[in-house]
Peer 1: 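Dumping the structure here so I can ask a few things about it.
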Amino acid sequence: MSGELVPDHGELRASHEDRDQVVERLRVAAGDGRLTAEELDERLEVALTARTYRELEAVLTDLPAPGPAWAGGGVSSPAPKDRSRIAVDSASAKREGTWSVPRQMEIESNSGSVVLDFTRAVIGSPTLEIEASVRSGSVTLIVPPDVFVDVDEVAVSSGSVRHRAHVSAGTPIRLRIHVTGKVRSGSITVRPPKPPRRGFLQWLLRRPGPMKSIAR
């Protein structure tokens with residue numbers, strides 16, 4: 001219709017789903033150390049009470065966009081190593097932050113612990129083969145929702161293999177990890193990242209109101 005006014009995108013009303021998505025981005029940013037607990041509380045209050053897209057966008061202006069493109073900071077990532085090896089006895093080894101994921105890994109844990117955190121890892125290959133040998137130690141894989149892990153071919157003697165991370169239907173897979181090897185009396189655990197610590201305001205806004213707990 002000629003002369004019809006088209007509202008500015010920023011003035012359009014936000015939905016509950018829009019607010020929830022922004023809240024999740026704020027939680028991730030706090031978990032990455034980009035926001036302090038006080039900043040998280042302040043922005044959560046704005047996000048949870050926002051009425052328009054403009055109000056939601058205001059709390060995200062200085063945060064990077066989600067997705068694997070940020071891992072390289074806009075610069076092409078170096079080619080991943082073909083193979084790397086981690087061996088621990090009574091010590092511990094950890095890969096976290098923006099570490100580069102190789103195509104193959106050999107992990108040997110006798111009585112120590114190995115932790116691989118893929119939350120912010122730089123992924124240059126769509127697949128990772130892990131050959132694990134765990135005696136009385138432990139191996140833990142921390143994976144975000146877009147990383148799929150297969151542990152079905154791990155042989156277990158008296159130890160354990162626990163898979164606590166699941167990919168939701170329709171989620172694009174950024175990395176597929178195939179774990180093989182043997183667990184004797186140790187353990188292999190696959191789990192999602194821990195959520196960031198909840199601030200007081202977040203707890204206050206999320207808790208049910210006093211009247212909701214009263215049966216009518």
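No hydrogens, no waters, no symmetry mates; every other heavy atom, side chains included, goes into these values. Everything quoted here is computed from the prediction, not taken from an experiment.
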Peer 1: Hydrophobic clustering (ILVMFWY, side-chain heavy atoms < 4.5 Å, transitive) - are Val156 and Ile107 grouped together?
Peer 2: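 In one cluster: yes.
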Peer 1: Begin from the C-alpha positions of Glu129 and Arg83 and carry the test salt bridge (Lys or Arg N to Asp or Glu O under 4.0 Å) through to its verdict.
Peer 2: CA-CA 9 Å; Glu129 297 287 336; Arg83 189 176 183 87; over 6 Å; no
Peer 1: Is there a donor-acceptor pair under 3.5 Å between the side chain of Glu39 and the backbone N or O of Leu35?
Peer 2: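 No; judged by distance alone, with no hydrogens or angles, the pair does not exist.
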Peer 1: What's the spacing between Arg43 CZ and Thr36 OG1 if we round to 0.5 Å?
Peer 2: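 Rounded to the nearest 0.5 Å, the CZ-OG1 separation comes to 8.5 Å.
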Peer 1: Quick one: pull up OG in Ser109 and CD1 in Ile188 and give me the separation to the nearest 0.5 Å.
Peer 2: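 Here the interatomic distance stands at 9.5 Å.
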Peer 1: For Leu116 and Ile86: C-alpha separation, side-chain torsions, deciding distance, then whether side-chain contact (heavy atoms from CB on, under 4.5 Å) applies.
Peer 2: CA-CA 11 Å; Leu116 304 179; Ile86 299 176; 4.1 Å; yes
Peer 1: In the structure I gave you, are the side-chain heavy atoms of Val22 and Leu26 within less than 4.5 Å of one another anywhere?
Peer 2: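 When only atoms from C-beta onward are counted, Leu26 and Val22 do touch, with a gap below 4.5 Å.
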Peer 1: Does Trp99 use its side chain to pair, donor to acceptor, with the backbone of Lys94 at less than 3.5 Å?
Peer 2: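 Side chain of Trp99 to backbone of Lys94: no pair is present.
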Peer 1: side-chain contact (heavy atoms from CB on, under 4.5 Å) for Gln104 and Asp82? Distances and angles first, verdict last.
Peer 2: CA-CA 6 Å; Gln104 297 179 331; Asp82 286 332; 5.8 Å; no
Peer 1: For Val167, is there any backbone N or O sitting under 3.5 Å from a side-chain donor or acceptor partner on Thr171?
Peer 2: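 No; zero donor-acceptor contacts below 3.5 Å.
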Peer 1: Walk me through whether Val179 and Leu141 qualify under side-chain contact (heavy atoms from CB on, under 4.5 Å).
Peer 2: CA-CA 10 Å; Val179 185; Leu141 279 62; 4.3 Å; yes
Peer 1: Could you check whether any side-chain heavy atom of Leu60 comes within less than 4.5 Å of a side-chain heavy atom of Arg25, counting everything from C-beta outward?
Peer 2: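 A side-chain contact exists here, since the closest heavy-atom pair is under 4.5 Å.
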Peer 1: Would you check, one step at a time, whether the test side-chain hydrogen bond (donor to acceptor under 3.5 Å, both in side chains) holds for Arg191 with Thr189?
Peer 2: CA-CA 6 Å; Arg191 66 170 179 84; Thr189 301; over 6 Å; no
Peer 1: When you compare the side chain of Ile173 with that of Asp146, does any pair of heavy atoms fall below 4.5 Å?
Peer 2: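 No, their side chains stay 4.5 Å or more apart.
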Peer 1: Could you go through Ile177 and Thr127, starting from their C-alpha distance and side-chain angles, then the distance that decides it, and tell me whether this counts as side-chain contact (heavy atoms from CB on, under 4.5 Å)?
Peer 2: CA-CA 6 Å; Ile177 303 174; Thr127 60; over 6 Å; no
Peer 1: Identify the two heavy atoms, one from Val183 and one from Gly159, that lie closest to each other, and give their separation to 0.1 Å.
Peer 2: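 Between these two residues, the closest heavy atoms are CG1-CA, 4.0 Å.
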Peer 1: With the side chain counted from C-beta on, respond yes when Val154 and Thr180 share a heavy-atom pair under 4.5 Å apart, and no when they do not.
Peer 2: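 They are not in contact (no side-chain heavy atoms under 4.5 Å apart), so the answer is no.
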Peer 1: With the side chain counted from C-beta on, respond yes when Val149 and His163 share a heavy-atom pair under 4.5 Å apart, and no when they do not.
Peer 2: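 Side chain of Val149 against side chain of His163, heavy atoms only: contact under 4.5 Å found.
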Peer 1: Side-chain heavy atoms under 4.5 angstrom apart, residues restricted to Ile, Leu, Val, Met, Phe, Trp, Tyr: same cluster for Leu40 and Leu48?
Peer 2: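 In one cluster with Leu40: Leu48, yes.
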Peer 1: Contact between Ser133 and Arg184 at the side-chain level, heavy atoms closer than 4.5 Å - yes or no?
Peer 2: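 When only atoms from C-beta onward are counted, Arg184 and Ser133 do touch, with a gap below 4.5 Å.
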Peer 1: Are any side-chain N or O atoms of Ser138 and backbone N or O atoms of Ser187, one a donor and one an acceptor, separated by less than 3.5 Å?
Peer 2: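 Side chain of Ser138 to backbone of Ser187: no pair is present.
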Peer 1: Is any side-chain N of the basic residue among Arg27 and Glu24 closer than 4.0 Å to the acidic one's carboxylate O?
Peer 2: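 So Arg27 pairs with Glu24 through a salt bridge.
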Peer 1: Any side-chain heavy atom of Ser111 sitting closer than 4.5 Å to one from Arg135?
Peer 2: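 Result no, sub-4.5 Å side-chain heavy-atom pair not found.
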Peer 1: Would you say Ile123 ends up clustered with Phe148 if hydrophobic residues are merged whenever their side chains have heavy atoms under 4.5 Å apart, either directly or through other cluster members?
Peer 2: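 Different clusters.
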Peer 1: Please report the closest heavy-atom contact between Ala47 and Val23, naming both atoms and the distance.
Peer 2: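 Looking at all heavy atoms of both residues, the shortest contact is CB-CG2, 4.2 Å.
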Peer 1: Just so I know, are the side chains of Leu128 and Phe118 near enough to count as touching, which here means a heavy-atom distance under 4.5 Å?
Peer 2: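 A side-chain contact under 4.5 Å exists here.
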Peer 1: Is the backbone of Ala50 close enough, under 3.5 Å, to the side chain of Arg19 for a donor and an acceptor to pair up by distance?
Peer 2: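 A pair under 3.5 Å: yes.
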Peer 1: Are Val139 and Ile142 linked, directly or through intermediate hydrophobic residues, by side-chain heavy-atom contacts shorter than 4.5 Å (ILVMFWY only)?
Peer 2: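 No, no single cluster joins them.
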Peer 1: Taking Asp18 for its side chain and Ser15 for its backbone only, find out whether a donor-acceptor pair lies under 3.5 Å.
Peer 2: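 Flag set: sc Asp18 to bb Ser15 pair under 3.5 Å.
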Peer 1: Check the hydrophobic clustering (I, L, V, M, F, W, Y; side-chain heavy atoms under 4.5 Å; chains of links allowed) and say if Leu44 and Leu63 are grouped together.
Peer 2: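 Per the 4.5 Å side-chain linkage, Leu44 and Leu63 are co-clustered.
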Peer 1: Using atom types as modelled and distance alone, determine if a side-chain donor or acceptor of Glu55 lies under 3.5 Å from a backbone N or O of Thr52.
Peer 2: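 Yes, the answer is positive, given that a donor and an acceptor are paired below the 3.5 Å cut-off.
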